[in-house]
Visitor: 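Just dropping this structure here.
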Amino acid sequence: MENIIICIGDSITRGTYTAFGESAPLSVAHPNFSELLKEKLSFDRLLNYGSNGISYSSLSPVLSEDALTKKCAGFESGSIIVLAAGTNDYGTDVPLGKPTDETDISFYGAVDEVLHCLTEKNPNGTIFVVLPIPRKQSGPNKQGHTLDDYRKALSQKAAKYGLPVIDGSRLDIDPSVPEQLKKYMPDGTHPNETGHQMYAEFLYSEIEKHIKSL
């Protein structure tokens with residue numbers, strides 16, 4: 001049976017970053033973390049559903065028609081699914097909602113809807129819910145919620161579905177430190193190619209820990 005790794009998420013998952021001399025994230029890292037993970041795990045095939053500007057919730061004013069709640073039913077199934085999104089929901093001020101929300105009326109609800117969809121599509125796969133990695137801006141957004149509030153919501157919904165969580169906030173990149181910002185994440189949000197290598201090592205380590213614990 002073919003081993004397929006599925007990576008789902010936003011521009012970071014796609015590998016987009018802001019290269020030296022660019023004023024916006026126009027470059028794509030090769031290899032990016034998803035390509036590196038495929039090699040480290042010795043999988044047969046990678047499907048990367050990363051897309052710039054994507055949020056869990058269609059309440060985001062940016063590309064709402066392409067939100068994960070709208071697209072997840074069309075994703076293929078895999079042996080390992082790496083779901084890494086949420087920073088855009090925070091960045092575009094998607095309402096957090098309540099932990100009991102189960103539909104795309106809030107961030108909590110959108111996450112529930114996506115996790116329900118993916119667990120239905122991948123009954124034999126392992127879905128890793130990756131919490132947003134560090135970014136320069138992480139304080140209260142226009143809804144009054146911090147990036148950690150969105151991380152907490154993701155953790156709560158992952159627990160509901162019994163899914164392993166990878167705490168992306170533990171990635172050893174601190175964009176508030178000028179030297180690290182320049183070296184790994186020049187625009188404060190998107191890791192560059194060196195940052196993607198670090199991200200891949202971190203994710204691989206966390207996935208390996210989970211596999212060995214089974």
Visitor: Does a side chain donor of either Thr146 or Asp148 reach within less than 3.5 Å of an acceptor in the other side chain?
Guide: no

Visitor: Sequence neighbours left out, what passes side-chain contact (heavy atoms from CB on, under 4.5 Å) with Glu39? Give chain and number order.
Guide: none

Visitor: Got a sec, which residues hit side-chain hydrogen bond (donor to acceptor under 3.5 Å, both in side chains) with Asn192, two or more places apart in sequence or on another chain?
Guide: none

Visitor: Gln197: what forms a side-chain hydrogen bond (donor to acceptor under 3.5 Å, both in side chains) with it, not counting sequence neighbours?
Guide: none

Visitor: Show me the pairs that pass salt bridge (charged side-chain N to carboxylate O under 4.0 Å, His left out) and involve residues 132-143, at least two apart or across chains.
Guide: none

Visitor: Check whether any side-chain N or O of Asn122 sits under 3.5 Å from a backbone N or O of Asn124 as a donor-acceptor pair, and report yes or no.
Guide: no

Visitor: Establish, from distance only, whether the side-chain atoms of Glu65 and Ser58 form a donor-acceptor pair under 3.5 Å.
Guide: no

Visitor: Considering residues at least two apart in sequence or located in another chain, which fulfil the side-chain hydrogen bond (donor to acceptor under 3.5 Å, both in side chains) criterion with Asn141?
Guide: Tyr150

Visitor: I need the Glu22 CD to Ser27 OG distance, nearest 0.5 Å.
Guide: 3.5 Å

Visitor: State which residues pass side-chain contact (heavy atoms from CB on, under 4.5 Å) with Ser11; sequence neighbours excluded, sorted by chain then number.
Guide: Thr16, Asn52, His190

Visitor: Got a sec, which residues hit side-chain contact (heavy atoms from CB on, under 4.5 Å) with Ala29, two or more places apart in sequence or on another chain?
Guide: Tyr17, Asn32, Glu193, His196

Visitor: How would you list, by chain and number, every residue that makes a side-chain hydrogen bond (donor to acceptor under 3.5 Å, both in side chains) with Ser77, sequence neighbours excluded?
Guide: none

Visitor: Ile54 and Asp10: which non-hydrogen atoms are nearest, and at how many Å?
Guide: O-CB, 3.6 Å

Visitor: Give me each pair satisfying ring-ring contact (aromatic ring centres under 6.0 Å, His included) with a member in residues 59-84, each pair once, sequence neighbours excluded.
Guide: Tyr49-Phe75

Visitor: Taking only residues two or more places apart in sequence, or in another chain, which ones meet Ile80 in a side-chain contact (heavy atoms from CB on, under 4.5 Å)?
Guide: Ile5, Leu41, Phe43, Val82, Phe128, Ile207, Ile211

Visitor: For residues 178-186, which side-chain donor-acceptor pairs fall under 3.5 Å, sequence neighbours excluded?
Guide:
from, atom 1, to, atom 2, distance (Å)
Gln180, OE1, Asp174, N, 2.7

Visitor: Between Asp104 and Thr69, do the side chains contain a donor N or O and an acceptor N or O under 3.5 Å apart?
Guide: yes

Visitor: What residues, two or more places apart in sequence or in another chain, satisfy ring-ring contact (aromatic ring centres under 6.0 Å, His included) together with Tyr56?
Guide: Phe107

